[in-house]
Amino acid sequence: MDTRWQEISEILQNSINPGLFTVWIKPLKANIADQELTLIAPNEFVAVWVRDRLKNEIKEAAQTVLGFAPNITVLADRSRVSDAGPGAAKPSPVIGRPVRARQIPLPVEAKPGNRLYKWKFSFSDFVVGPSNELAYAAAKGLCEKTMGADQLFLSSTPGLGKTHLLQALGQALSTVCNRKNPRIEYLSGEEFARRWLGAMQNRQLESFKDRYRDNVDILLLEDIHFFQGKQKMQDELLATIRSLQDRGSKVVLSSSFLPRELKDVDSQLASRFCSGFLAVIDKPDFETRRRILMRKADIFEYPLSDNVASLLADRLTSDVRQLESCLQNLILKAKLLNQGITPELAERVLENYAPQSMELNMDAIIEFICRSYDLSETDLSSRSRQRRTVQARNTAFFLARKHTELSLKDIGSRFNRRHSTVLKGISNVEREMQLETPLGRQLQNTVDLAGRYGAQASAPPE
């Protein structure tokens, strides 16, 4: 494999959704010649998807490595197509350089200082309000060395700004660090575990330890609840955090759960999670939601009146992602209709979202899930492990966590499940939605519909 493509791949691995990288970028083979970058996909479906959706991201990463923006061609690997019969043409060979008799190094062997990230968020575009001001102040304090601690733990339900603050930290620290090329590692708990397993299988543990213990100034690690119940991975993470803290490196962790809510976590590791500053991000209030919308509208360069911003902020109370999704749909519709954004147009777009500010209670959640999956409440509480039942149950867990103040233990008791089962189910739903898998998109649609259902169920009879 061309080492330049390995460098391009590493940039993409750190700049796009991990799920997108694994599914669409990782299987590609490449040939770089003159001003051309030719990519070979395992089949036509992957080739079309990459060509239509990831070509710009690949070109930007390639320009960083090559020093110029290459012409990119994406082809399907015809050598995988079976022979059509006697007389059929032989499959074309895969475009690429001859394979040399050497072992291809794992990503853990990347040289320190070569880890390039495309930070999408910064502190300047983070809207501060009562719900997130403590987390914001802690993150800024970590950068400016005014917090008095080198570790931060951020916790919130999905879509409230954890990733934004982690990326803002990375972006800020990469510019204020006294090192010319600060050594930053930004990845999810799942990706950390996957790289550790790869190092184990390829007998490259020392390279892994060298990268994550000895050559890191700043570790940004998301979704640490992934390590629950994985003892050996926990041992590695504990050793990594210890080493980094002993060296004075900064560690920032995030999770959808508080440290005390995590189960099957080594007591020493749990203690390390709590050794720094803990900040919880809550749902934004009306005024914060309104200012978020106005800020996003400025970024999209499309004017938004106070009346429309207030209307959207009043109706959409779930999370920041929902606000941005609705605003993007509203702007797109206005452009297609060649008109400005009016309250009337906003009302039409809001029909696809929650029609009024309404939180679901547990009874409404169960009723909605039973109707959506054609199950009974008895089915949800049964010991059944059928895929549809498990998916329905996990979605109910997620909605209960999102829309109620019930503890994980209280949610579990409603379904005859343990605290750890609820936590695992919520984590699975979050993971599928973050990776944007077909199941994840289906789950996201179900979650979006739940808000509308709750409002309709709570509306007074006519």
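The analysis underlying the following values was restricted to heavy atoms, covering all of them including side chains, and did not include hydrogens, waters or symmetry mates.
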Looking only at side-chain N and O atoms, does Asp125 offer a donor or acceptor that is under 3.5 Å from a partner on His164?
yes

Closest heavy-atom pair, Val422 versus Gly412, reported as atoms and distance to 0.1 Å, is CG2-CA, 3.4 Å

Any heavy-atom pair between the side chains of Asn31 and Trp5 that's under 4.5 Å?
no

In the structure I gave you, are the side-chain heavy atoms of Leu316 and Leu350 within less than 4.5 Å of one another anywhere?
yes

Do Arg441 and Glu432 sit within salt-bridge range, that is, some charged N less than 4.0 Å from a carboxylate O?
no

Can you find a heavy atom in the side chain of Ile366 that is under 4.5 Å from one in the side chain of Phe415?
yes

Which heavy atom of Leu220 sits nearest a heavy atom of Leu166, and at what distance?
CD1-O, 3.5 Å

Point-to-point distance, once rounded to the nearest 0.5 Å, from CG of Leu262 to CZ of Phe257
8.0 Å

Could you grab the distance from atom CD of Glu344 to atom CD1 of Ile341, nearest 0.5 Å is fine?
12.5 Å

Has the side chain of Lys283 got a donor or acceptor atom that lies under 3.5 Å from a matching backbone atom of Lys402?
yes

Crowded around Glu405 CD? As in, over 12 foreign heavy atoms under 6.0 Å?
no

Centre-to-centre under 6.0 Å for Tyr136 and Phe126, is that the case here?
yes

Between Glu347 and Arg315, is the closest basic N to carboxylate O distance under 4.0 Å?
yes

Between Lys230 and Phe226, is NZ or CZ placed under 6.0 angstrom from the six-membered ring centre and within 45° of the ring axis?
yes

Let's go through Arg418 and Thr421 carefully: what are the C-alpha distance in whole Å and the side-chain angles of both, what is the deciding distance for side chain to side chain contact (heavy atoms under 4.5 Å, CB included) to 0.1 Å, and is it a yes or a no?
CA-CA 5 Å; Arg418 293 178 298 177; Thr421 303; 4.1 Å; yes

At what distance, to the nearest 0.5 angstrom, does CH2 of Trp24 lie from CZ of Arg51?
12.5 Å

Give a yes or no on whether a salt bridge exists between Arg401 and Glu261, defined as a side-chain N under 4.0 angstrom from a carboxylate O.
yes

Could you go through Ser382 and Arg393, starting from their C-alpha distance and side-chain angles, then the distance that decides it, and tell me whether this counts as side chain to side chain contact (heavy atoms under 4.5 Å, CB included)?
CA-CA 10 Å; Ser382 70; Arg393 193 182 296 127; 4.1 Å; yes

Do Glu222 and Thr163 get their side chains close enough for a donor-acceptor pair, meaning under 3.5 Å?
yes

Could you grab the distance from atom CG of Leu28 to atom CZ of Phe21, nearest 0.5 Å is fine?
9.0 Å

Please test Lys26 against Glu10 for salt bridge (charged side-chain N to carboxylate O under 4.0 Å, His left out), starting from the C-alpha separation and ending with a verdict.
CA-CA 10 Å; Lys26 195 172 182 179; Glu10 186 167 357; over 6 Å; no

Assess the side chains of Glu36 and Asn71: does a donor N or O sit below 3.5 Å from an acceptor N or O?
yes

Determine the minimum heavy-atom distance between Leu293 and Leu304, stating which atoms define it.
O-CD2, 3.9 Å

If every non-hydrogen atom of Ser156 is compared with every non-hydrogen atom of Ile281, which pair is closest and at what distance?
CB-O, 3.2 Å

Taking the six-membered ring for Trp and the full ring for Phe, Tyr or His, determine whether the centres of Trp196 and Tyr212 are under 6.0 Å apart.
no

Using modelled atom types only, decide if a donor and an acceptor are shared between the side chain of Asp298 and the backbone of Arg295 within a distance under 3.5 Å.
no

Can you tell me if Asn307 and Ser310 form a side-chain donor-acceptor pair at under 3.5 Å?
no

Determine, stepwise, if the pair Cys326 / Leu312 fulfils side chain to side chain contact (heavy atoms under 4.5 Å, CB included).
CA-CA 8 Å; Cys326 183; Leu312 299 180; 3.9 Å; yes

Distance check, rounded to the nearest 0.5 Å: Ile58 atom CD1 versus Ile11 atom CD1?
12.0 Å

Given Ser256 and Glu430, is the side-chain hydrogen bond (donor to acceptor under 3.5 Å, both in side chains) satisfied, shown in steps?
CA-CA 9 Å; Ser256 299; Glu430 286 184 4; 2.8 Å; yes

Report yes if the side chains of Leu66 and Arg4 come closer than 4.5 Å at any heavy-atom pair, otherwise no.
yes

For the CG atom of Leu37 and the CD atom of Gln63, what is their distance to the nearest 0.5 Å?
12.5 Å

Give a yes or no answer on whether the side chain of Asp410 reaches the backbone of Leu406 with a donor-acceptor pair at less than 3.5 Å.
no

Cation-pi check, Lys140 onto Phe123 ring (under 6.0 Å, within 45° of axis):
yes

Is the shortest distance from a Lys or Arg side-chain nitrogen in Arg290 or Asp306 to a carboxylate oxygen in the other one below 4.0 Å?
yes

Of all the heavy-atom pairs spanning Glu185 and Arg195, show the shortest one and how long it is.
OE1-NH1, 4.4 Å

Any salt bridge linking Asp285 with Arg291? Criterion: basic side-chain nitrogen under 4.0 Å from a carboxylate oxygen.
no

Beyond-backbone contact of Lys333 with Leu345, side-chain heavy atoms, under 4.5 angstrom
yes

Backbone N or O of Gln391 within a donor-acceptor pair of the Thr395 side chain at under 3.5 Å?
yes

Locate the shortest heavy-atom distance separating Leu169 from Ala139; write the atom from each residue and the value.
CD2-O, 3.3 Å

Output yes when a side-chain donor or acceptor of Lys250 lies under 3.5 Å from a complementary backbone atom of Leu219, and no otherwise.
no

Residue pair Leu152 / Leu253, side-chain heavy-atom distance below 4.5 Å:
no

Trace of the salt bridge (charged side-chain N to carboxylate O under 4.0 Å, His left out) decision for Arg388 with Asp374:
CA-CA 10 Å; Arg388 184 163 61 95; Asp374 192 23; 5.1 Å; no

Does the pair Glu377/Arg414 count as a salt bridge with the N-to-O cut at 4.0 Å?
yes

Hey, which of Asn445, Asn428, Leu443 is the one that makes side-chain contact (heavy atoms from CB on, under 4.5 Å) with Met433?
Leu443

Heavy-atom check, side chain of Arg289 versus side chain of Phe286, under 4.5 Å:
yes

For a 4.5 angstrom cut-off between non-hydrogen side-chain atoms, does Thr378 reach Leu380?
no

Glu301 CD: over 12 foreign heavy atoms closer than 6.0 Å:
no

Would you find more than 12 non-hydrogen atoms of other residues, nucleotides or ligands less than 6.0 Å from Gln386 atom CD?
no

Please test Glu190 against Asp223 for side chain to side chain contact (heavy atoms under 4.5 Å, CB included), starting from the C-alpha separation and ending with a verdict.
CA-CA 8 Å; Glu190 182 178 1; Asp223 300 332; over 6 Å; no

Would you check if the side chain of Thr446 reaches a backbone N or O of Gln442 as a donor-acceptor pair within less than 3.5 Å?
yes

